[in-house]
Structure formats: C-alpha cells, structure tokens
Number of protein chains: 2
Amino acid sequence: MSKVYLVGAGPGAPDLLTLRAARLLAEADVVFFDALVHPDTVALATNARKIAVGKRAGEVSTDQRFINRALVEAARHHKIVVRLKGGDPMLFGRAQEEIAALQASGISFEVVPGVTAALAASASLGISLTRRGVARNVAFATPSIGDGEAESDWLDTVFDADTAVLYMAKSGQEKIALQLIARGKSPTTPVAIVENASLLDEQRFFTTLGGLAQSALTLSGPALLMIGEVYAVTNEVDVMVAEQQEHPKVHQQSRC
Amino acid sequence: MSKVYLVGAGPGAPDLLTLRAARLLAEADVVFFDALVHPDTVALATNARKIAVGKRAGEVSTDQRFINRALVEAARHHKIVVRLKGGDPMLFGRAQEEIAALQASGISFEVVPGVTAALAASASLGISLTRRGVARNVAFATPSIGDGEAESDWLDTVFDADTAVLYMAKSGQEKIALQLIARGKSPTTPVAIVENASLLDEQRFFTTLGGLAQSALTLSGPALLMIGEVYAVTNEVDVMVAEQQEHPKVHQQSRC
C-alpha cells in the first residue's frame, strides 16, 4: 500500500511550506527533491533517504524519464515516497509526466498544492495581482522553456491579461519586452521584477517595458517578470514601495 | 511597534495553511477572519480575540470600510493583528484596500501568501494547469463580482489562455459558457468544475462549454470553473479521474 506524494515546497522560504507537506516529509521513507528546494525544507524529512534530482530554474539537469522511473521503483520498496517540487506541482512543474508514469504502473499518488512564486512575490511587493479598479484577471506564463514549442504562445495571453507574471524570466528580458511592445503594449507599461521571491536574498526592481527593452537586469536567481498597471508607482499605496527603492534596486528585506 | 499581518488561510483544508501563518495565529492578539476560513484554522489563534468579518464567496457582507477602520483601530491597541483571508490575499482578495488604509495611518503591515484555490483544485483533479504539450499558460479571472465594472473584461483573457480558471463561478455558468462560445471558443472545449476545493465535501464535475451552456450545475459552495484542453478525459493520464466519475459527479474524497 505504498503511495507517492507530489508535494509543493512553496516559493523558497522554509516556513511557506504547508502543514500537510511538513507532516508528509516527517513521515516519508524516501524524498526526491529539486535543487531549488530550500535545504531546511528537505531536512524536515528526518527519517527519509533524500535524493536530489537536480532541477534548477527551468533547466532539466536530471532526465525526466529517470525521475519517472525512480519514483515508480521507490514506490515498490517504500510506503511513503515524497516528490518535493519547488512552488506548486501543478503550475509549470511537469507533474503530469510523473503522474502518468505512476498511473501506468498502478501506483497510488496524491498531489499536495503549494504557494506559487507569483503569490510570494506579490506579498513581498505589497501589490495585489488583482487590484480593484485596475486589474480583474491575471495570467501566468513562461516565455520560452527551450522545449521546441512555439516561442510566442505566451504573447496573446500576456497581452490581454490585466496583470501578467512570466515565470523563468531570468534571461530574455529585452526580447520579451520588445515582443510585447511590437504586439501593441505601451512602452510605459509598468514592470516589477522579483528575484529569489521569499528568500533572504530576494530583490525587487521596478521599471517599464520600454526600460526593460533598453537594458535588461542581470539576475542570478529564479526571477519573475510582472507586467501591468498595478505596478505603477504613482499613488499612496505604492509610495512606501517606491521609498524603499535604491535606484533601481529595492533594498533587501528578510522574509524568512 | 504593532503590526498587521494579512495572511492567506489557503483553500479550505486546515492543513493547507503555511507554517508561517500557523505561527502568526498562535502569536496573535486579535484575528479578523472571513466566513470562508475553516473554524479549525481560526482556532489556532489560541490567545487572540477572534472577530468574524463575514465575507463569503465574493459577497461582501461586512462593509470593506468597516474592516479597514477596524484593522487600524486594532493595531493601535494590540501588537500582533492578523487579518485572515481565504486563499491568497493578493489574488481576488481586496487586500490592496486594507493595505492602503494601513499605510495611510502609518501602520506596519506584512502579507503572508497562501495556497490559492485553483492549485488545490488542480491537485485534487490530478490535472496540471500547464501540461506539457497542451498548455503553457494559465489565466485566473472573475467573470463578474457585481462591483459595476465591465462584465466582459475577463473574456479576451480567458479566450486566449491555454487554461483558464474562473473564480467565484458558482452562478452564471450558462452565461459564461455562451459568451465564450460567442467569442469563438469551441463548444467541445473541456470544462472541469470544482466545488469546495480541498474540503471534505469537495465535488468535481467534468463537462464541456456546450454542455454547460445547456445545463448549469447547481452548486452551494465556492466553485471554480476550469476551462481548457487539459481537462479532456481522453487519454491514459485522465482515465483514473474518469473512472471515479459517477455521471457526472466524481465521488467525494477526503482531503483533510
């Protein structure tokens, strides 16, 4: 009666894990974890064999088929297998391929949702994704994940959404901005970029699509590109955020 | 040195709360909570005065200005004030109005993100919002929240997104389906509806836009309308979900 749990580890800060995920980690016999998951989170699995499967910021450094096979094999020898994935498993997480492999082998599974990075970044910014009177819908997309699919799939969705968040946007910022401007978005459209959302070294930046098209930021950690009028720094709500800016870097602030 | 914490309570199940939220509730002097928040979650605030502010499924039954004033007043008399909101505060939560009120009064605040309902529903369904090869982006929207804003704001965004999730979609399903079909979406577009996501009485239904336009479901709890090809029940990944269906109700399954 073994079971594989696909568990969202949340955006990064260990205390943004859910209570359910913490309990499952404590009970786990084996844990497979992405490189992006915080070591303190992995350490909650006190009784488990811990196996890094090395995904990092959208790059696949362990072959997906190997992970699929390893999960099936682990479930044949252990009762509680946890697959710990950064953020939420069902949003840009390739969970479906792991689920398909488990189902094909007749292995029970359960998915435990997590806090996704866009929500952690919004909390840090103090800016709602759907601010009343400004934005009533939001799109989450990836501009390109190098998997051979059409690169412009995201463009219409991001163009139409009141607020848009691009995941895995560490690189390619100029290209993204230029494509959106060519599609008809105003160069003055406000942009916020959040790197390492929820972690101690989180950084927040404010710019515009036009600004981004001229000079992209050099980022080292996972980054979200957040686009829309809610990120305009023009009113009392955003004054506090603006005052924290250090042209253009917002000072670092602990979230752990 | 008082502080107001705007805290996401998650989708419903008490153990989908974050560790950070649980700690803050335990430390809180006062907690203001929405009606949708689970009683077991509110009960974690063992030392706090607990005040229901009565929001339920998008309906505002306590005046927002009253809540804003109450938060400011509480922060003047107490050190740790928690504003506990269903789901995540920065997505359809009207947090910005509470933040603006706190900032206007010079009161410190911090936002604690939560698991949003769409992710909990996706976990229950076992269907990724962004399944590789089928969907690379997702939009979250509200069809109408009765606040006088244009009712069709959501239409283009939902039309263009590979996957779309409509929050607060308990009513108006026929109208939503008809509008999307009129906009050009195929009547065969698959739809999943999840009511009371993550709770013991969660229910899941599968249909199509055409089916929904002909006969809407009668729902009593908060519901998500999920639209897109990922919800097609036509391949090995979805067979397990299909087998659980009881024409058309999926059997209830505990998540707590």
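Just so you know, these numbers come straight off a predicted model, no measurement behind them.
A donor-acceptor pair under 3.5 Å links the side-chain atoms of B/Q96 to the main chain of A/G126, judged by distance alone.
Nearest heavy-atom pair, A/D15 versus B/R23, reported as atom, atom and distance to 0.1 Å: OD2-NH2, 3.9 Å. Here the closest non-hydrogen pair linking B/A123 and A/P113 is CB-CD, 3.8 Å. A/M90 and B/S128 make their closest contact through O-OG, 3.1 Å (heavy atoms, listed as atom of the first residue, atom of the second, distance).
With a 4.5 Å cut-off on side-chain heavy atoms, B/V112 and A/L16 count as touching. In this structure, the side chains of A/L19 and B/L19 come closer than 4.5 Å at one or more pairs of heavy atoms.
In terms of heavy-atom pairs under 4.5 Å with chain B, the best-connected choice from A/A101, A/A164, A/G8, A/A139 is A/A139. Most heavy-atom pairs under 4.5 Å with chain B: of the set A/D88, A/L6, A/V158, this distinction falls to A/D88. Of the listed residues A/L102, A/L129, A/V138, A/T116, the one with more heavy-atom pairs under 4.5 angstrom with chain B than any other is A/V138.
In this structure, CZ in A/R20 is found 11.5 Å from CG in B/L17, a value given to the nearest 0.5 Å. Considering OG1 of A/T157 and CG of B/D156, their distance stands at 11.0 Å, rounded to 0.5 Å. With rounding to the nearest 0.5 Å, the separation of OG1 in B/T130 from CZ in A/F140 is 11.0 Å. Of the inter-residue distances, the one linking A/F92 atom CZ with B/N137 atom CG reads 7.0 Å to the nearest 0.5 angstrom.
With A/L119 as the fixed residue, the side chain to side chain contact (heavy atoms under 4.5 Å, CB included) test singles out one of B/V115, B/V111, B/L91: B/L91.
If you measure heavy-atom distances from A/A161 to chain B, the contacts under 4.5 Å come from both the backbone and the side chain.
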